[in-house]
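So the structure is just underneath, and the comments pick up after that.
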Amino acid sequence: MTFPVVGMVGGGQLARMTHEAGIPLGIRFKLLSDTPQDSAAQVVHDVVIGDYRDLETLRAFARGCDVMTFDHEHVPTEHLRALESDGIPVRPGPDALVHAQDKGAMRARLDAIGVPCPRHRIVSDPQDVAAFAAEGDGFPVVLKTVRGGYDGKGVWVVGSAEEAAEPFRAGVPVLAEEKVDFVRELAANVVRSPHGQAVAYPVVESQQVNGVCDTVIAPAPDLADELALKAEEMALTIAKEIGVVGHLAVELFQTRDGRLLVNELAMRPHNSGHWTQDGAITSQFANHVRAILDLPLGDPRPRAKWTVMVNVLGGDYPDMYSAYLHCMARDPQLKIHMYGKDVKPGRKVGHVNTYGDDLDDVLERARHAAGYLRGTITE
C-alpha cells in the first residue's frame with residue numbers, strides 16, 4: 001500500500017506538531033522550510049530549503065506531494081491559484097485562505113454572510129481614521145494592516161489622528177475597527193473535510209498578554225450554553241460558506257452586552273487548539289491531517305472536565321531542560337511540548353497542558369510549570 005505524502009509549507013512549530021500527528025497513521029511529510037534549524041525541519045525526514053514566495057520553488061516542491069497544506073498564511077494567493085491550475089490539491093485552497101491572509105477580504109466576506117464583526121472599514125490616511133472614529137463613538141480605534149500581522153504585530157490602538165500615521169508607512173491598505181468593549185476573548189475551533197464533514201471542539205477562553213496568547217482554558221468557564229452553541233455555529237457556518245478544508249480557528253470577542261463578534265480567522269492548527277493534544281479524543285493536528293486527506297474526522301470531545309494550555313515564552317533562563325526534573329516530579333500528569341527553538345525573551349518556545357476536575361488546580365499547575373520553565377518561578 002502506498003501512503004500519501006503531505007507537502008507542508010512552513011517549518012514552524014505548527015508543522016512540527018502536525019507531522020507528529022501523522023506519524024501513527026503512516027503519513028509521510030515533505031517540508032518546505034526557510035532554514036534547516038526551523039522547528040519542523042529538525043524532525044521531518046524530507047526537508048527542502050527554499051523561499052515560499054517563489055512560485056517555481058513551490059512548483060518544484062509540489063512534485064511528489066499528494067496534497068499541500070501550510071503552517072502559516074503568507075504564501076502569495078496568486079501562487080496558490082497557479083498550483084491549483086497545475087492540478088495540485090491545495091488545502092485550504094486560495095479562495096478560502098485569502099480570508100485569513102487579507103483582513104479586508106475577511107471582513108467583506110463575513111459581512112456578506114451575516115456574521116457579526118466589529119464596526120470597520122478600510123481607511124486611506126490619518127484624516128480618514130479621524131472620520132471613521134467620528135462615525136462611531138470616537139477614539140480610540142484599532143488599526144490593522146490588512147496583510148502580514150500576527151501575535152500583536154501589525155495592530156495599533158490609536159487615540160488620535162496624529163497617532164495614526166505609523167500603520168500607513170507599511171504601504172499596504174489599513175483596516176480601521178471600533179475598539180470593542182469586551183469581557184473576554186474566546187475561540188471556536190472547527191475542522192472541515194473536502195466532502196463537507198465537519199466537527200467542532202468546545203469553545204475556549206483565550207487570555208492574551210501583550211498581544212500574545214498566554215493561557216487557554218477548555219471549555220470556556222461560565223459560558224452560557226446558548227452562547228457556546230452560537231459560537232460553534234458561527235465557526236461551522238464560516239467554514240462552510242468560504243470553503244475551508246482543514247482546521248479553522250475563529251477568534252471572538254464576548255462583549256459586555258452579551259454579543260459575540262469575530263475578531264480574526266486562522267486556517268491552520270492554532271494556538272487556541274493546542275490543548276487538544278492532551279485534552280481531546282482527537283487533536284486539532286490529527287483532525288487537520290485527516291481533513292486534508294479527506295479521511296473521516298475524529299471525535300473532538302474533551303477527555304477531562306478541564307484542560308488548560310499555557311505558552312512557555314523565552315526569558316533570561318535558556319536552560320529549560322534542567323527544569324524538567326522539578327516540573328515532572330511536582331506534577332506527573334503534566335504534558336510538556338517544546339518546539340526545538342532557541343530561547344529568546346518573549347519568543348514562544350513551547351507550551352504545557354494540564355487537565356483535571358478542579359479548574360483552580362489545573363490553572364495553578366499549568367502556570368507554575370510554564371513559569372518554572374521560563375525561570376520566573378524558582379520553587
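As the structure is a prediction and not an experimental result, all values here were calculated from the model. FYI, the numbering just counts along the sequence from 1.
A distance-only check finds a donor-acceptor pair linking the side chain of Asp66 to the backbone of Val5 [under 3.5 Å].
Two different hydrophobic clusters hold Phe61 and Val67 under the rule that ILVMFWY side chains link at heavy-atom gaps under 4.5 Å. At a threshold of 4.5 Å between side-chain heavy atoms, the hydrophobic network of Ile, Leu, Val, Met, Phe, Trp and Tyr places Ile292 and Leu31 in one connected group.
Salt bridge status for Arg121 with Asp128: present, with a side-chain N to carboxylate O gap under 4.0 Å. In summary, Glu177 and Lys103 do not engage in a salt bridge, as defined by a charged side-chain N under 4.0 Å from a carboxylate O. Classification of Arg330 and Glu364 as a salt-bridged pair holds, one side-chain N sitting under 4.0 Å from a carboxylate O. A salt bridge links Asp86 with Arg59: the closest approach of a Lys/Arg side-chain nitrogen to an acidic carboxylate oxygen falls below 4.0 angstrom. Comment: Asp95 engages Arg81 in a salt bridge, judged by a side-chain N to carboxylate O separation of less than 4.0 angstrom. Salt bridge annotation for Arg107-Asp111: absent, with no cationic side-chain nitrogen under 4.0 angstrom from a carboxylate oxygen.
Judged by a 6.0 Å distance limit and a 45° cone about the ring axis, Arg16 is not positioned over the six-membered ring of Phe29.
We find the CE-CG distance between Met68 and Leu32 to be 7.0 Å, quoted to the nearest 0.5 Å.
Counting only residues at least two apart or on different chains, no salt bridge (Lys or Arg N to Asp or Glu O under 4.0 Å) pair has a member in residues 220-238.
Of the N and O atoms on the side chains of Asn189 and His247, at least one donor lies less than 3.5 Å from an acceptor on the other residue.
Val308 belongs to a hydrophobic cluster whose remaining members, ordered by chain and number, are Ile217, Trp306, Val310, Val312, Met320, Tyr321, Tyr324, Met328, Leu334, Ile336, Met338, Val343, Val349, Val352, Leu359, Val362, Leu363, Leu373; membership requires side-chain heavy atoms of ILVMFWY residues under 4.5 Å apart, directly or through intermediates.
Between Glu20 and Gln277 the shortest heavy-atom distance is OE1-NE2, 4.3 Å. Nearest heavy-atom pair across Gly315 and Pro345 is O-CG, 4.0 Å. Taking each heavy atom of Pro92 and Thr69 in turn, the nearest pair found is CD-OG1, 4.3 Å.
Remark: Arg303 engages no residue in a salt bridge (Lys or Arg N to Asp or Glu O under 4.0 Å) (not counting sequence neighbours).
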